[in-house]
Amino acid sequence: MLNNPKNQGMVLWFTGLSGAGKTTIANKIAKILSEEGSKYELIDGDVLREQLNWDLGFDEDGRKKNVNIAGYTANLLSKHGVIVLVTLISPFKEQRDRIKMSINNFVEIYVNTPLEVCIQRDHKGLYKKALANEIPNFTGISHPYEAPLKPDVEIDTSIISIDDCVKKIINFLNEKIARLD
Ligand SMILES: Nc1ncnc2c1ncn2[C@@H]1O[C@H](COP(=O)(O)OP(=O)(O)OP(=O)(O)O)[C@@H](O)[C@H]1O
Ligand SMILES: [Mg+2]
């Protein structure tokens with residue numbers, strides 16, 4: 001349970017490889033927040049590209065613009081007491097750090113699942129295509145992923161269950177909110 005009596009807005013930024021578990025974990029947290037009556041919003045990379053940024057590519061420029069739009073929107077919402085869950089590969093460290101500096105309560109969650117496990121899961125069938133050179137600029141295969149050096153929370157979903165990932169994040173948030181009071 002999230003103990004947020006002053007309804008602090010914040011941004012929970014999930015970064016990691018495709019298939020790492022960002023969306024799965026964020027959806028579970030969103031469900032808890034919804035049941036508790038907290039104000040929350042989800043900004044998911046796939047949905048953002050489908051609904052708004054369909055014209056952006058996966059080269060560096062396209063990715064950076066997509067990530068900046070998510071960061072900008074998350075910042076606006078969080079200023080109004082919304083807990084914003086952002087699930088984006090967001091591969092560039094310098095860009096994530098810049099967004100972090102611009103947002104008041106920013107929590108960087110590194111979903112650090114090994115590439116081999118993500119390839120095995122291949123939940124969208126994209127790794128198979130990327131490994132066959134059918135998709136250019138695929139993170140971890142033909143495009144870089146710059147891991148966070150000091151994330152607020154780090155989880156490896158190959159060794160921790162989804163529920164334990166959620167617990168770890170909620171515990172961190174409760175400690176953080178208590179420090180803000
Ligand atoms: N402990 C775990 N935590 C999260 N996901 C897990 C875990 N164990 C297995 N999985 C599975 O891993 C897959 C992760 O997929 P998910 O869509 O959440 O990844 P993602 O990081 O959002 O990828 P993308 O960037 O491509 O959207 C799901 O099929 C999920 O059920
Ligand atoms: Mg996802």
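Note that ligands are numbered from 1 as they come in the structure, with each ligand's atoms numbered from 1 the same way.
Between the side chains of Arg63 and Ser90, no donor N or O sits under 3.5 Å from an acceptor N or O. Donor-acceptor pairing under 3.5 Å is lacking for the side chains of Asn174 and Asn3.
Every protein residue with a heavy atom nearer than 4.0 Å to ligand 1 is included here: Leu17, Ser18, Gly19, Ala20, Gly21, Lys22, Thr23, Thr24, Ile25, Asp46, Ile89, Arg121, His123, Lys124, Thr157, Ile160, Ser161, Ile162.
Residues in residues 34-86 take part in no ring-ring contact (aromatic ring centres under 6.0 Å, His included) pair, two or more places apart or across chains.
Ala26 and Leu42 make their closest contact through CB-CD2, 4.1 Å (heavy atoms, listed as atom of the first residue, atom of the second, distance). Closest approach of Glu41 and Val82 over heavy atoms only: N-CG1, 3.7 Å.
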When the side chains of residues 106-117 are checked against the rest of the protein, which donor-acceptor pairs come out under 3.5 Å, sequence neighbours left out?
{"residue": "Glu108", "atom": "OE2", "partner": "Arg96", "partner atom": "NE", "Å": "3.0"}
{"residue": "Tyr110", "atom": "OH", "partner": "Asn112", "partner atom": "OD1", "Å": "3.2"}
{"residue": "Asn112", "atom": "ND2", "partner": "Glu154", "partner atom": "OE2", "Å": "2.8"}
{"residue": "Thr113", "atom": "OG1", "partner": "Ala20", "partner atom": "O", "Å": "2.9"}
{"residue": "Thr113", "atom": "OG1", "partner": "Thr157", "partner atom": "N", "Å": "3.4"}
{"residue": "Thr113", "atom": "OG1", "partner": "Thr157", "partner atom": "OG1", "Å": "2.7"}

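Transitive grouping of hydrophobic side chains (ILVMFWY, heavy atoms separated by less than 4.5 Å) brings Ile89 and Leu131 into a common cluster. Neither Trp13 nor Ile155 shares a network with the other; the hydrophobic side chains, linked directly or stepwise wherever heavy atoms of I, L, V, M, F, W or Y lie under 4.5 Å apart, form separate groups for each.
Residue-and-atom listing of protein N/O/S atoms under 2.8 Å from the Mg ion (ligand 2), sorted by chain and number: Thr23 OG1.
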Tell me, with the steps shown, if His143 and Phe138 meet side-chain contact (heavy atoms from CB on, under 4.5 Å).
CA-CA 5 Å; His143 203 258; Phe138 196 80; 5.7 Å; no
